[in-house]
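Below: one structure, written as structure tokens.
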Amino acid sequence: MNLYEKSAYELSGMLKNKQTSSVEITKSVFDRIESVEEKVDSYVTLNKENALKKAEEVDQKLSNGDVLSPLAGIPIGIKDNISTKGLKTTCSSKMLENYVPPFNATVVDKINNADMVITGKLNMDEFAMGSSTETSYVKKTKNPFDFDRIPGGSSGGSAASVSACEAVVSLGSDTGGSIRQPASYCGAVGLKPTYGRVSRFGLVAFASSLDQIGPIGRTVKDVAMLQSVISGHDKYDATSADVEVSDYLANLKSDVRGLKIGVPKEYFGDGIDNNVKNAVYSAVKVLEENGASVKEISLPSTNYALSAYYIISSAEASSNLARYDGVKYGYRAKEFDSLIDMYERTRSEGFGEEVKRRILLGTFVLSSGFFDAYYKKAKLVQRRVSAEFNEVFKDIDVICTPTVPSTAFKIGENMDNPLKMYATDICTVTINIAGLPAMSIPCGYDDKGLPIGLQLVGNKFCEQTLLNTANTYENIVGGFKVPLL
């Protein structure tokens, strides 16, 4: 097995036992990138020179006998909406195509402090607005299991890079399913932490009350290791939760005896593909046969969650993206007649169609006469969704659902139908609305050989319960399968 195919957990052990070096691992990953990147298109910006330099530093520390993080020397890709000092952060948008941040996001500082090796910045839907990575201004990322299909979004580059072994682990961001959905499509493991568990400082904002950074890996252990690195309170983020963070890997278990699983009937309706339904039910059955108890539950407000999500997220996007006006940084129109004309031309030329669509929707629902009719009602639905989850978690430890209604669709298939594209988020948006942790793990393949994801949802700050459940399932059925590229 090549080094780039090994998990972060395996590579960490090899480094500790001096069976390999960080430079060898990093070179192996960049060799893989050179070999398959033209097919996958997961990277926006590569960081090879700095990555090899960092790897050399880690090897020197290891030879000196320094005590290092378990993830020291492990290559990681970063989604291109997470600020990296001195390394372009474009949000895959024309608006920021030449922007080089003067500061790091808090999670990037944590990654640097853990001596991880940053391979580059990963492609995404423009400003994280999309479900397929097709709205990227830079390129269209392909699914490593079928190059004619989408990898999911908005963290499509993050999931595809891990699936194609172009990164050992990666960071994505999740506003309505943007870590879990591409992880499902690409056969990877993706975790959206509890809102506030990971600092958002340095994450380019889409919808501030919903956004959350999280890890993607090929195994549950890898995700647990990376989640431990990035978690914790941050004084620079007012929404960061001051809650104790455990060592997720050290506390990882492979036992679901006594675990109470809820299966919500609203997540298995007519819109869910039969391949997906059967795979998820089979996964739940495996957990039940190994000691978990299962019962059907109801979350009736799920039917309104998608509408509420797009109202809330678009309203916040309208506000957050007002800063891109061509004045302080980013793209500026070349020709204009006045200040107002410069604003209009800059935003018309700098933003893609999907971003403009959401800005317009957000401005509309916040406007006088429509605020009460739309935005206020959406916030009431959000409160009701949260209340329903709170009630369910009085008797349930983990909720099991499909991650997405179907497997990956073909590139271009839904681009002319925004409503159909939005519907791919139906199983994930409720989690962001309620601020809960959730993760997607591979649970099978459809009749075309495309991955299917099982979504596990937990109560707030119960990431360990999710990781334990996922680890148990992974150990029973086996985990990630490297696609044939």
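Keep in mind it's a predicted model, so treat the numbers as computed, not measured.
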Can you check whether Thr428's main-chain N or O pairs, donor with acceptor, with Asp425's side chain at less than 3.5 Å?
no
Show your working on salt bridge (Lys or Arg N to Asp or Glu O under 4.0 Å) between Lys139 and Glu37 and close with a plain yes or no.
CA-CA 12 Å; Lys139 59 175 72 171; Glu37 175 60 12; 3.5 Å; yes
For the aromatic rings, using the six-membered ring if either is Trp, is the centroid distance between Tyr324 and Phe127 under 6.0 Å?
yes
Would you mind checking if Lys448 and Asp146 are paired as a salt bridge, meaning a charged N to carboxylate O distance below 4.0 Å?
no
Ring centre gap for Tyr309 and Tyr422 strictly below 6.0 Å
no
Mind checking salt bridge (Lys or Arg N to Asp or Glu O under 4.0 Å) for Lys295 and listing every partner two or more places apart, or none if nothing turns up?
none
Between Asp255 and Arg257, is there a salt bridge with N-O shorter than 4.0 Å?
yes
Any luck finding a side-chain donor-acceptor pair between Lys79 and Ser173 under 3.5 Å?
yes
Examine distances only and state if a side-chain atom of Glu10 and a backbone atom of Ser7 form a donor-acceptor pair shorter than 3.5 Å.
yes
Side-chain donor or acceptor of Glu316 paired with backbone N/O of Phe206 under 3.5 Å:
no
Can the positive tip of Lys481 be found less than 6.0 Å from the middle of the six-membered ring of Tyr445, inside 45° of the ring normal?
yes
Ion pair check, Asp174 and Arg180, cut-off under 4.0 Å:
yes
Those residues that, when tested against Glu463, pass salt bridge (Lys or Arg N to Asp or Glu O under 4.0 Å) (two or more places apart)
Arg197
Is Asp41 salt-bridged to Lys140, going by a charged N under 4.0 Å from an acidic O?
no
Taking the six-membered ring for Trp, are the ring centroids of Tyr310 and Tyr374 within less than 6.0 Å of each other?
no
